[in-house]
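The basis for the numbers below is simple: all heavy atoms, side chains too, and nothing from hydrogens, waters or symmetry mates. Please read all numbers here as calculations on a predicted model, not as lab measurements.
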Amino acid sequence: AGCYPFIPYQFNLLGQVLTAVRTYGASGKHLSDQSRSMLALFQESAIRLKDSQEGVLVPFSYFYDPLHKFIDHQHSQVITDAEDNSRLDEFDVELLKVLFMIKYVKEFKAKVDNLTTLMISNIDDDRIEIRGRIEESLKKLIRETLVQKNGEIYSFLTNEEQEINNAINNESVEMGEIIGEASTVIFEDIFTDKKYRYSNRYLFPFNQKVDGRYFKGNQSNDIGVSIITPYGEDYPDSALRMLSVQEHSVIVKLPNDSTFLDEITDSLKIYKFLNTLGARGSFDSIRRAKENERLEKKDRICIFIEDALKHADIYVNGDKANISAKEPASRINEALGKLVAMQYNKLTYMETAPELSDIAAVFNGSDGQLSFLGTSDTTPNKLALEEVIQVIGLNNARHMKTSLKSLQDKFGAAPYGFDPKDVQWLVAMLFKMGRVSLTYNSQSLSMLSNTKDELVRYLTKREFVEKLLIDIRER
């Protein structure tokens, strides 16, 4: 009450404004010593209110007019032009004056909340109403390129900065560039996995797509992660369920807020502009400012996309998934787990995880092949062994030869997802049981004519994989 109609914060802030104007925006008529200047500003502002009703306060914009005569033409002309602009009203111009005064005050952040405090002009003012007016006014000032928004911060633009911003806005950016940048942030900064880890043994690579575009070239994996941004197709819920089945993919539908895409567009425009600017010395300070702005945008883009992924709807296996994880990478991983369990539903047929030593161990023990034994109840991986027999039988019915490579390809894909060593062990076991025969270069292999080491080499070395043929042994 002791300083009415002024507000206590104004004394400190106005001191900072005077220092900033003296450094960046003063004309030849230099501001004299700080205390005399401050006194003059408060005095002139108070005189404006001498006939006002009680309850009125000095809004911060009132300090601009007594300051005006000290401000250089480059800055003051912007305000003068705004006053003559029929598309702007008095409130818009008052807000612009405030944004000019705080432009170079590093300690003050020109966020809507802080600007609301500065624009209060009566004890009874409704903050929510004033805030709403400020938000509308800022939109108009941005449209007139008098103000720029960077994140939550608004800043006054000099004529030179307006020219630069207009040039930046005129840079063209293709949709593919925007989605490409979004893909890079999603798949290189936030969700960096390239394979889903089912276990240490089974890792499943997946396709990466954003708005139907593959990230880094075409991909042909059995499963995928497909992100749909607000720029993508507007699918209804039923279509997203169907898409998850058709594409064997985790579908991640981002919320309908395109802020991060707008930021990417602006960032790309600044990047292109800086590249065309070259090394023109007079623009050094603006170049640095724009480069900093671009880096700030990159940080924000990552935060915005992370937030979008946290709140995205996720579809998998024809359902809208109920995901317990909260972090983006964990959410996608959890969904991939559900997808892999459905797509590779015969992976559980492999109950053991055979290594090279286990394949060799198949040929230990009794001489010669086992005599036409079927798989007994105690045989491990019984279901997998039966599947191999079925696949070879099917190939025979189609008059197709079955190579070890074709089996490894078949059983490496969905719905199996077996490791090559799994398939080698299964073939070794079926051979030992006498259920299949092995032929290499028209030579039949047998446990009588080939050593154990030879048989293991034929089954496990890459050079034999295409020519080692497997057939069902007639009983």
Side-chain angles (χ1 to χ4, degrees), residues 9-10 12-21 23-25 59-61 63-64 74-75 78-79 82 88 91-120 127-128 130-169 185 257-271 273-274 285-308:
Y9 78 80
Q10 291 175 339
N12 188 26
L13 182 57
L14 195 58
Q16 293 171 314
V17 167
L18 287 172
T19 304
V21 168
T23 309
Y24 297 101
F60 201 72
S61 60
F63 296 114
Y64 175 81
Q74 176 192 348
H75 291 87
V78 177
I79 306 285
L88 300 176
F91 187 84
D92 303 329
V93 177
E94 292 300 297
L95 181 58
L96 189 63
K97 289 173 180 176
V98 167
L99 285 164
F100 160 68
M101 287 189 283
I102 59 177
K103 177 176 175 71
Y104 300 111
V105 179
K106 300 248 184 321
E107 299 81 359
F108 189 90
K109 299 279 179 250
K111 298 182 178 182
V112 174
D113 241 15
N114 294 339
L115 292 172
T116 304
T117 301
L118 266 52
M119 293 297 284
I120 296 281
R127 268 191 80 90
I128 294 171
I130 299 286
R131 183 191 169 96
R133 286 184 70 190
I134 286 171
E135 285 172 339
E136 286 309 306
S137 187
L138 286 167
K139 285 177 191 168
K140 285 158 76 177
L141 292 169
I142 288 169
R143 275 201 300 274
E144 298 295 320
T145 65
L146 297 167
V147 166
Q148 132 176 327
K149 183 184 183 194
N150 187 20
E152 296 181 339
I153 310 286
Y154 294 85
S155 49
F156 172 95
L157 296 174
T158 64
N159 281 326
E160 187 181 33
E161 288 168 335
Q162 287 176 42
E163 280 176 37
I164 297 285
N165 272 22
N166 281 330
I168 288 169
N169 286 334
V185 174
D257 177 355
S258 63
T259 309
F260 74 89
L261 294 161
D262 299 338
E263 290 273 18
I264 288 173
T265 307
D266 292 345
S267 172
L268 288 167
K269 285 184 174 184
I270 293 172
Y271 178 74
F273 172 76
L274 291 174
S285 61
I286 289 178
R287 171 189 283 282
R288 276 197 303 277
K290 285 294 169 193
E291 191 52 58
N292 288 340
E293 188 184 325
R294 200 173 78 83
L295 293 173
E296 284 169 23
K297 281 186 184 296
K298 281 184 90 77
D299 290 342
R300 280 201 305 276
I301 288 161
C302 200
I303 291 165
F304 289 151
I305 292 180
E306 276 196 331
D307 193 60

L99 and L95: CA distance, side-chain angles, deciding distance, side chain to side chain contact (heavy atoms under 4.5 Å, CB included) verdict: CA-CA 6 Å; L99 285 164; L95 181 58; 4.3 Å; yes

Over 12 foreign heavy atoms within 6.0 Å of NZ, K140: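 Yes, because the 6.0 Å sphere around NZ of K140 holds more than 12 heavy atoms from other groups.
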
More than 12 heavy atoms from other groups under 6.0 Å of CZ on F108: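 Enclosed: over 12 neighbouring heavy atoms sit under 6.0 Å from CZ of F108.
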
Between N165 and T145, a side-chain donor and acceptor under 3.5 Å: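 Looking only at side-chain atoms, T145 and N165 do not form any donor-acceptor pair under 3.5 Å.
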
E296 versus N150, side-chain donor and acceptor atoms under 3.5 Å: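 A pair is found: one side chain offers a donor N or O, the other an acceptor, under 3.5 Å apart.
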
Pair I79-Y64, side chain to side chain contact (heavy atoms under 4.5 Å, CB included): steps then yes or no: CA-CA 10 Å; I79 306 285; Y64 175 81; 3.4 Å; yes

From CA spacing to verdict: side chain to side chain contact (heavy atoms under 4.5 Å, CB included), L146, L157: CA-CA 5 Å; L146 297 167; L157 296 174; 6.0 Å; no

R294 and E291 ion-paired at < 4.0 Å: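 Yes.
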
For the atom pair [atom1] ([X]) and [atom2] ([Y]), what is the distance rounded to the nearest 0.5 Å?
X    : Y    : atom1 : atom2 : result
F156 : H75  : CZ    : NE2   : 6.0 Å
F304 : S258 : CZ    : OG    : 11.0 Å
I128 : I130 : CD1   : CD1   : 11.5 Å

Examine distances only and state if a side-chain atom of [X] and a backbone atom of [Y] form a donor-acceptor pair shorter than 3.5 Å.
X    : Y    : value
E152 : K111 : no
K269 : N169 : yes
T23  : T19  : yes

Indicate yes or no: at least one non-hydrogen side-chain atom of [X] is less than 4.5 angstrom from one of [Y].
X    : Y    : value
M101 : V21  : no
Q10  : F60  : yes
I264 : V185 : no
L138 : K149 : no

What residues, two or more places apart in sequence or in another chain, satisfy salt bridge (Lys or Arg N to Asp or Glu O under 4.0 Å) together with [X]?
X    : result
K290 : E293
R143 : none
K103 : E161

K139/E136 under salt bridge (Lys or Arg N to Asp or Glu O under 4.0 Å): CA gap, chis, key distance, verdict: CA-CA 5 Å; K139 285 177 191 168; E136 286 309 306; 3.3 Å; yes

Cation-pi check, R300 onto F260 ring (under 6.0 Å, within 45° of axis):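 Verdict for F260: no cation-pi partner in R300.
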
Audit row: I102, L115, side chain to side chain contact (heavy atoms under 4.5 Å, CB included) steps and yes/no: CA-CA 10 Å; I102 59 177; L115 292 172; 3.9 Å; yes

